[in-house]
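The structure presented is a predicted model; accordingly, all values stated were derived computationally and were not measured.
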Amino acid sequence: MSRQHKLRIKGPAGAIETVIEEPPGQPVGLALIAHPHPLKGGSLDNKVAWTLARAAVACGLVAVRPNFRGVGESAGVFDHGIGETDDLLALSRAITAHYGPLPWTLMGFSFGAYVQHRVAQELHAERLIMVGPAVSMYSFEATRIPTTILHGSEDEVIPFHAAREYADAHAIPLIVIEGAGHFFHGQLRELQSHVEALCKP
């Protein structure tokens with residue numbers, strides 16, 4: 001059984017409410033998981049973020065799932081991805097100080113994928129996994145680390161063609177979840193299986 005802790009970790013704008021789940025046995029890495037848009041109901045309890053945490057723990061990674069600014073017990077207010085990036089970088093430093101120099105995997109869903117692609121510009125990580133990245137809402141740049149996109153073919157929020165165009169432009173592998181909408185209703189198990197395949201050694 002994994003062990004779960006809820007902590008308040010100091011960030012640039014104050015406390016960052018964070019759930020940390022440790023896998024059974026010795027962890028082989030760390031996974032930072034970013035939830036969808038905080039002004040549209042996104043939180044660390046989002047079921048896609050939760051599914052990413054399940055996949056991380058199954059791969060032997062410590063799953064680190066924070067609430068963005070202004071969500072739950074996290075201090076501050078929404079900052080359009082800029083302050084949120086600073087918060088995740090601060091959080092990564094605190095987690096590394098505790099667990100030691102284990103390799104990072106970055107995972108983000110929707111707006112969270114936008115934040116993580118910014119984090120990946122500064123944090124040395126093994127891989128970036130973007131689920132339903134909000135490429136039609138935010139300006140995504142090229143990524144500097146091995147990246148994979150998972151996107152639903154029937155995404156009603158971020159059109160699939162937008163994800164495909166971004167992936168093609170930057171030579172990023174794109175895994176299509178056939179028939180899935182933005183929130184992967186009824187297909188979270190399939191999503192988890194794909195993410196586990198990407199994370200397992």
Side-chain angles (χ1 to χ4, degrees), residues 2-23 27 29-57 61-135 137-141 143-145 157-158 182-183 195:
S2 64
R3 293 166 293 175
Q4 178 171 310
H5 320 276
K6 182 175 279 191
L7 304 172
R8 288 160 58 90
I9 295 173
K10 182 172 173 54
I16 305 170
E17 182 183 15
T18 307
V19 169
I20 296 175
E21 296 168 84
E22 298 174 344
L30 308 167
L32 185 57
I33 298 160
H35 67 69
H37 206 296
L39 300 186
K40 298 176 181 175
S43 77
L44 62 79
D45 293 319
N46 170 267
K47 64 184 181 179
V48 175
W50 184 88
T51 297
L52 293 176
R54 300 282 68 68
V57 169
L61 308 178
V62 176
V64 181
R65 200 159 30 109
N67 264 332
F68 281 137
R69 296 180 175 201
V71 179
E73 296 176 16
S74 288
V77 295
F78 177 66
D79 195 32
H80 307 280
I82 299 166
E84 288 81 359
T85 300
D86 294 339
D87 291 346
L88 293 195
L89 289 168
L91 183 59
S92 72
R93 291 191 290 271
I95 297 298
T96 294
H98 180 77
Y99 288 98
L102 292 171
W104 278 103
T105 291
L106 304 179
M107 304 180 181
F109 170 44
S110 196
F111 169 79
Y114 170 66
V115 176
Q116 290 287 42
H117 111 286
R118 289 173 49 85
V119 170
Q121 307 290 335
E122 298 189 47
L123 176 66
H124 179 69
E126 278 197 336
R127 64 181 69 88
L128 168 62
I129 298 171
M130 299 197 291
V131 178
V135 291
M137 296 182 175
Y138 293 91
S139 178
F140 279 64
E141 299 174 11
T143 58
R144 298 180 181 178
I145 62 174
V157 178
I158 311 298
H182 190 60
F183 295 97
V195 174

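With sequence neighbours excluded, no residue satisfies ring-ring contact (aromatic ring centres under 6.0 Å, His included) with H98. Applying the side-chain hydrogen bond (donor to acceptor under 3.5 Å, both in side chains) test to T143 and every residue at least two apart in sequence or in another chain returns T147. The side chain to side chain contact (heavy atoms under 4.5 Å, CB included) test applied to A55 returns Q192, V195, E196, not counting sequence neighbours. With sequence neighbours excluded, no residue satisfies side chain to side chain contact (heavy atoms under 4.5 Å, CB included) with K10. With sequence neighbours excluded, the residues satisfying side chain to side chain contact (heavy atoms under 4.5 Å, CB included) with T85 are L89, V115, R118, V119. For E126, the side-chain hydrogen bond (donor to acceptor under 3.5 Å, both in side chains) test picks out no residue, with sequence neighbours left out. By the ring-ring contact (aromatic ring centres under 6.0 Å, His included) test, H117 is found to be paired with Y114, F140, residues two or more places apart in sequence or in another chain being considered. Residues passing the side chain to side chain contact (heavy atoms under 4.5 Å, CB included) test with T18, sequence neighbours excluded: I9, I16, I20, V64, P66, L91. For the salt bridge (charged side-chain N to carboxylate O under 4.0 Å, His left out) test, residues two or more places apart in sequence or in another chain that qualify with R8 are E73.
Rounding to the nearest 0.5 Å gives a distance of 4.5 Å between CG of L32 and CD of Q116. Between atom NZ of residue K40 and atom CZ of residue F78 there is a gap of 8.5 Å, rounded to the nearest 0.5 Å. Rounded to the nearest 0.5 angstrom, H80 NE2 and Y138 OH are separated by 7.5 Å. Atom CZ in F68 sits 11.5 Å away from atom CG in D79 (nearest 0.5 Å).
Within the structure, the side-chain hydrogen bond (donor to acceptor under 3.5 Å, both in side chains) test picks out the following pairs touching residues 41-51 (sequence neighbours left out): K47-H185. Residue pairs meeting the salt bridge (Lys or Arg N to Asp or Glu O under 4.0 Å) criterion with at least one member in residues 81-98, sequence neighbours excluded: R69-D87.
Heavy-atom minimum distance, G100 versus L30: O-CD1, 4.4 Å. Minimum interatomic distance between I145 and A120 (heavy atoms only, all atoms of both residues): CD1-CB, 3.9 Å. What you find for A63 and V57 is that their closest heavy atoms are CB-CG2, 4.0 Å. Of all heavy-atom pairs between I158 and G132, the closest is CG1-O, 4.1 Å. Of all non-hydrogen atoms in P38 and V71, the two that sit nearest each other are CB-CG2, 3.4 Å.
Considering only heavy atoms from C-beta on, P27 comes within 4.5 Å of L102 through its side chain. Looking at L52 and V131, their side chains come closer than 4.5 Å, going by heavy atoms from C-beta outward.
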Identify all side-chain donor-acceptor contacts of residues 103-111 below 3.5 Å with residues at least two apart in sequence or on another chain.
unit_1, atom_1, unit_2, atom_2, d
W104, NE1, T96, OG1, 3.1
T105, OG1, R127, NH1, 2.7
S110, OG, H182, NE2, 3.0

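In this structure a side-chain-to-backbone donor-acceptor pair under 3.5 Å is missing from E21 to R65.
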